[in-house]
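Predicted model, so just to flag it, every value in this text is computed and none were measured. Residue numbers begin at 1 in each chain, while the letters A, B, ... track the order of the sequences.
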Amino acid sequence: MPELPEVETVRRGLADLIEGRSFKSIQLNRKDIRFPMRDGLGDVARGQTVTHVGRRGKYMIIELDGAKRLLIHLGMSGRLILGADVMADELFYQKQQINPRHNHVIMTFNDAAVIYNDPRRFGMVDLLDPDGGHYLLAHLGPEPLANEFDGHWLAQRLRFSKTSIKEKLLDQNLVAGIGNIYASESLHLAGINPKRKAGNIALARLVNLAEAIRNTLQRAIEAGGSSLKDYRGVRGAPGYFQHQFNVYDRAGEMCRSCGKDNIRKIQQSGRASYYCAACQR
DNA sequence: AAACCCGCCTGTGCGC
DNA sequence: TGCGCACAGGCGGGTT
């Protein structure tokens with residue numbers, strides 16, 4: 001579900017909420033989510049203060065003053081929910097369309113609680129290694145909003161690729177944080193057809209693409225992310241970027257750039273791609 | 001090495 | 001109204 005802008009929005013809300021607070025407990029309601037829970041996860045944070053909430057791609061990292069770090073990924077349907085007395089509040093669950101049976105992890109602080117709820121269980125809560133690394137982070141590409149990410153870097157990495165550019169943008173080892181929505185939206189903004197072979201795009205167009213990615217992600221963060229269905233911020237607020245979609249989920253509708261009914265939906269590696277057949281070449 | 005395909009799960013919306 | 005099916009924002013791992 002959540003891509004970089006949604007994770008960043010949740011990260012900011014979580015940071016406001018828990019930075020400087022100390023853990024009372026981590027309650028594990030299952031022995032696995034996507035993977036088996038790490039041994040000792042339930043005990044590791046007790047009494048420790050949160051010094052920082054960071055993000056790498058679509059992963060959030062909660063740093064503690066005891067040098068331990070928690071790693072959280074929301075998968076497709078994971079949510080972090082603020083709840084001091086939420087756990088008993090049926091109205092809240094109804095309004096937020098949350099089924100409490102999917103409350104897999106409950107982090108309790110002195111005067112706050114954060115619930116990890118994830119119906120599909122594609123997400124995870126884990127610990128970083130003592131040296132701060134983790135095998136899931138080890139091969140991630142650069143942050144798209146960092147300076148090291150640009151058209152020249154893309155050109156170098158894509159030079160020999162015969163895969164379509166859309167599929168490459170979903171590869172977290174190329175660049176970290178882009179998912180299905182923002183891949184389609186960024187390619188539209190850059191005027192590049194999602195089917196184009198990644199190794200067959202001129203440098204100038206890749207420069208445009210890198211800029212389009214940064215622009216799209218930045219605007220989506222400013223809008224609090226995109227809420228198609230279940231995504232919400234920590235305090236339950238939806239994002240608004242879906243109202244700015246140019247192509248995603250708009251098959252058959254009018255392209256806002258060229259004014260024609262040219263928005264198509266195709267499948268690439270089993271996943272939907274949307275593009276304007278007139279604007280994207 | 002890159003590309004393809006599958007599996008992991010539940011919930012929803014669609015066509016019949 | 002009910003039922004079955006396809007599909008959904010992700011990612012790792014196996015095979016070719």
Note: contacts of residues 118-134 of chain A with DNA chain C (heavy atom, under 4.0 Å) are A:Arg120, A:Phe122

Sorted by chain and residue number, the side-chain hydrogen bond (donor to acceptor under 3.5 Å, both in side chains) partners of A:Asp16 (sequence neighbours excluded) come out as none

Regarding the side chain of A:Ala272, the nearest nucleotide among B:dT10, C:dG12, C:dA8 is C:dA8

Sorted by chain and residue number, the side-chain hydrogen bond (donor to acceptor under 3.5 Å, both in side chains) partners of A:His102 (sequence neighbours excluded) come out as none

Contact check, residues 208-216 of chain A vs DNA chain B, heavy-atom distance under 4.0 Å, returns none

With sequence neighbours left out, the residues meeting side-chain hydrogen bond (donor to acceptor under 3.5 Å, both in side chains) with A:Ser226 are A:Tyr182

Residues 25-79 of chain A vs ring-ring contact (aromatic ring centres under 6.0 Å, His included), sequence neighbours excluded, gives A:Tyr59-A:His73

Contacts of A:Arg11 meeting side-chain hydrogen bond (donor to acceptor under 3.5 Å, both in side chains) (sequence neighbours excluded), chain-then-number -> A:Glu8

Side chain to side chain contact (heavy atoms under 4.5 Å, CB included) filter on A:Ser227, not counting sequence neighbours, yields A:Tyr231, A:Arg232, A:Pro238, A:Gln242

Sorted by chain and residue number, the salt bridge (charged side-chain N to carboxylate O under 4.0 Å, His left out) partners of A:Arg46 (sequence neighbours excluded) come out as A:Asp43

The dot-bracket string of DNA chain B, counting Watson-Crick and G-U wobble pairs with both distances under 3.5 Å, using [ ] for crossing pairs and | for pairs to another strand, is .|||||||.|||||||

So ring-ring contact (aromatic ring centres under 6.0 Å, His included) across residues 191-216 of chain A, not counting sequence neighbours, yields none

Applying ring-ring contact (aromatic ring centres under 6.0 Å, His included) to A:Tyr274 and not counting sequence neighbours gives A:Tyr248

